[in-house]
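One structure below.
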Number of protein chains: 2
Amino acid sequence: MVVSVREVAARAGVSVGTVSNVLNRPDHVRPETVDRVRAAIEALGYVPNAAARQLRAGRSQSLALLVLDVGNPFFTDVARGAEARAADEGLTVLLANSDESPERQASHLDVFERQRVGGVLISPVDGDYSRLEELRKHGIPVVLVDRGADQARFASVSVDDVAGGALAARHLLDQGRRRLAFVGGPLRIGQVADRFQGASAAVADHGGATIQLFGTDEMSLDEGRRVGEALRVLVRETGIDGVVAANDLLAIGIERALLFGPDPVRVPDEVALVGYDDISFAASAVVPITSVRQPRELIGATAVELLLEEASRPADAAPRHVVYEPELVVRASSTSAGG
Amino acid sequence: MVVSVREVAARAGVSVGTVSNVLNRPDHVRPETVDRVRAAIEALGYVPNAAARQLRAGRSQSLALLVLDVGNPFFTDVARGAEARAADEGLTVLLANSDESPERQASHLDVFERQRVGGVLISPVDGDYSRLEELRKHGIPVVLVDRGADQARFASVSVDDVAGGALAARHLLDQGRRRLAFVGGPLRIGQVADRFQGASAAVADHGGATIQLFGTDEMSLDEGRRVGEALRVLVRETGIDGVVAANDLLAIGIERALLFGPDPVRVPDEVALVGYDDISFAASAVVPITSVRQPRELIGATAVELLLEEASRPADAAPRHVVYEPELVVRASSTSAGG
DNA sequence: ACGCCATCGTGAAACGATTCACACGCTTGC
DNA sequence: GCAAGCGTGTGAATCGTTTCACGATGGCGT
């Protein structure tokens, strides 16, 4: 049996319009009528049909959040923040995963447009923003997450990765380290390039310090381990005394390789280590790892905020860009007793 | 400007019915007409309105997957499997997170019902299944994920946790270990209770072996560490020589505490260790951890499969239950040279 | 007693796609 | 020569909700 407003109205002895009013503006309806209608709803187990409401409204009550990797704690925390903020507005967040695949991204965007979602928060796969332009032309606001200034056309929320890289490097320099290594890649990933650039700038500001880039194909534990093995040898040969890793997975892998190979290298005594992201595993590594933290939930919440703004932004006003500052969380991996 | 079938029809010089046919059964329409309509769609940038279609159809093209923790790799892999299988059917998966909160679970279920999703895959928070009964009564099929036999009323897909616990314990017994510890909790979580039960049964089958339960409030790295500290002392006092952890986070924390405290305990020489879930960090722990693996993506795919079955199941047929067998992945943490 | 306002409610017209009974024009077969 | 059948296409009805112009009712001041 299908229950619609019609049945409810009949049972409560009112018109369908009144049922709708009870649902959406109960204060326009006499209290006893409200009660009667509510009772009928209860008795019949009526559940409003979102599709019908949406059809009438022209827009759904949902936002979409499309991320590069649901498995990454960074994005799940962003999602948490976005959901919380959206809930305040009575909105739901559809969480979707592109897995870094342009095809999956495109297909998700298609679905979202057909759904007429209220807006799209996206951490885009690559440099083709034309589909996003299209969405916006069709009236669906778009906010870029974790990818910012390069795309002035879209509102965005991101973290200053240049500053983050500088923070990491400067911290090592402050600890008296002079020969740094930066581990990360590929450099075409904007975040990685920015972090490296920031670290390089900090080193350049400091007479007598150097930084050397160790590229990686991906930013995983295994790659970290691989680079760590190489570093274990090089440290003694080249005098490297500080390492900045482009993320915590790399840092954890590096630390492990340094500590546990043959002829191990002590952390932080011989080499100080800084990671990036502050994932929970960083704090509970063998030697807890100093890391650069990003305000993840805040990013999500802000993205929703910007989306709401976008929805009512006059065409001639420029989209807004929010850039947060990263924060250094200092732990044992970078603070030698002497330093 | 809003583009609907009407505009497309006008531009192509056909009726709206024909546009719909071009979209849904192109073979019922003359090829040249199809082309004309397709051209009009292209030119106008028409995107079908899912809400309207759904309203007519009475049911959406989406399934919902509600998990306890999107941050947990187990569930993201299940989601991946479900999405892939759903895509084969032209369905979309809505991924949502209850974060173990009954309130969030309930609110998500409300949204799903209003959306008239095609079905709900759920890893439920707790023992109250009445809301799920209700959903089903309203025509929305439900499949339980990772929670099985106790709920014969619902179709389910799960992994045999009793067998998994037994697998872990038996492996330790095979390695010659006799005084085991089981770390995990709270026991009201079905999976934990089952794993403990399985491990206990394996021990009971083996004369001269014992197993001792160490309860935890949650299954995190930190809790693992805490228990590990305690074990480091107890091992020497009580002769514990094998540990089964109810998940890998606990196992990693335990290993760390054993290896790195004052008066460290060697793994696996003094204590052999087995975890559960086989998350990626298990393989790259300091001493790689033996773990019980579950077929995660297969679980997701099977859940979708069962959902499709449910949708067409005669009322008098019993719901189906699929139980997969876990698999032991042996690594260094449990295989002493002498074992 | 009368008009006037509020207060409450009504009911029909959207929203955009799908579906289905039907129509039109042609070929076939008897 | 005519019914039957096929291939194409039409257009109105339908899904369930919201909205809005418009009644109905009753209380108030004059």
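Protein chains get the first letters and strands the later ones, always in sequence-line order, with residue 1 at the start of each.
Residues B:L95 and B:V67 approach most closely at CD1-CG1, 4.4 Å, considering heavy atoms. Nearest heavy-atom pair across B:G139 and B:R59 is O-NH2, 2.8 Å.
The shortest distance between the side-chain N/O atoms of A:R56 and the OP1/OP2 oxygens of C:dA14 is not below 4.0 Å. Residue B:T18 places none of its side-chain N or O atoms closer than 4.0 Å to OP1 or OP2 of D:dG9.
Near DNA chain C, meaning a heavy atom under 4.0 Å away, the residues from residues 19-43 of chain B are B:S20, B:N24, B:R25.
Remark: A:Q105 engages no residue in a side-chain hydrogen bond (donor to acceptor under 3.5 Å, both in side chains) (not counting sequence neighbours).
Closest approach to the B:V5 side chain among C:dA17, D:dG16, D:dT10 is made by C:dA17 (side chain taken as heavy atoms from C-beta onward).
Separating the CG atom of B:L55 from the C1' atom of D:dA13 is a distance of 13 Å, rounded to the nearest angstrom. Between A:R6 atom CZ and C:dT10 atom C1' the separation is 15 Å, expressed in whole Å.
In this structure, B:G17 reaches the bases: a heavy-atom distance under 4.0 Å links it to at least one base atom across the strands shown. At a threshold of 4.0 angstrom between heavy atoms, the contacts of B:S4 are confined to the sugar-phosphate backbone, with no base atom among them.
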Next item on the list: Quick one: do B:K137 and B:E134 satisfy salt bridge (charged side-chain N to carboxylate O under 4.0 Å, His left out)? Show the steps, please.
Entry: CA-CA 5 Å; B:K137 197 176 312 166; B:E134 227 174 275; over 6 Å; no
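Side-chain atoms of B:S4 and B:E7 form a donor-acceptor pair, as typed in the model, at a separation below 3.5 Å.
Within a 6.0 Å sphere centred on CZ of B:R136, heavy atoms belonging to other residues, nucleotides or ligands number more than 12.
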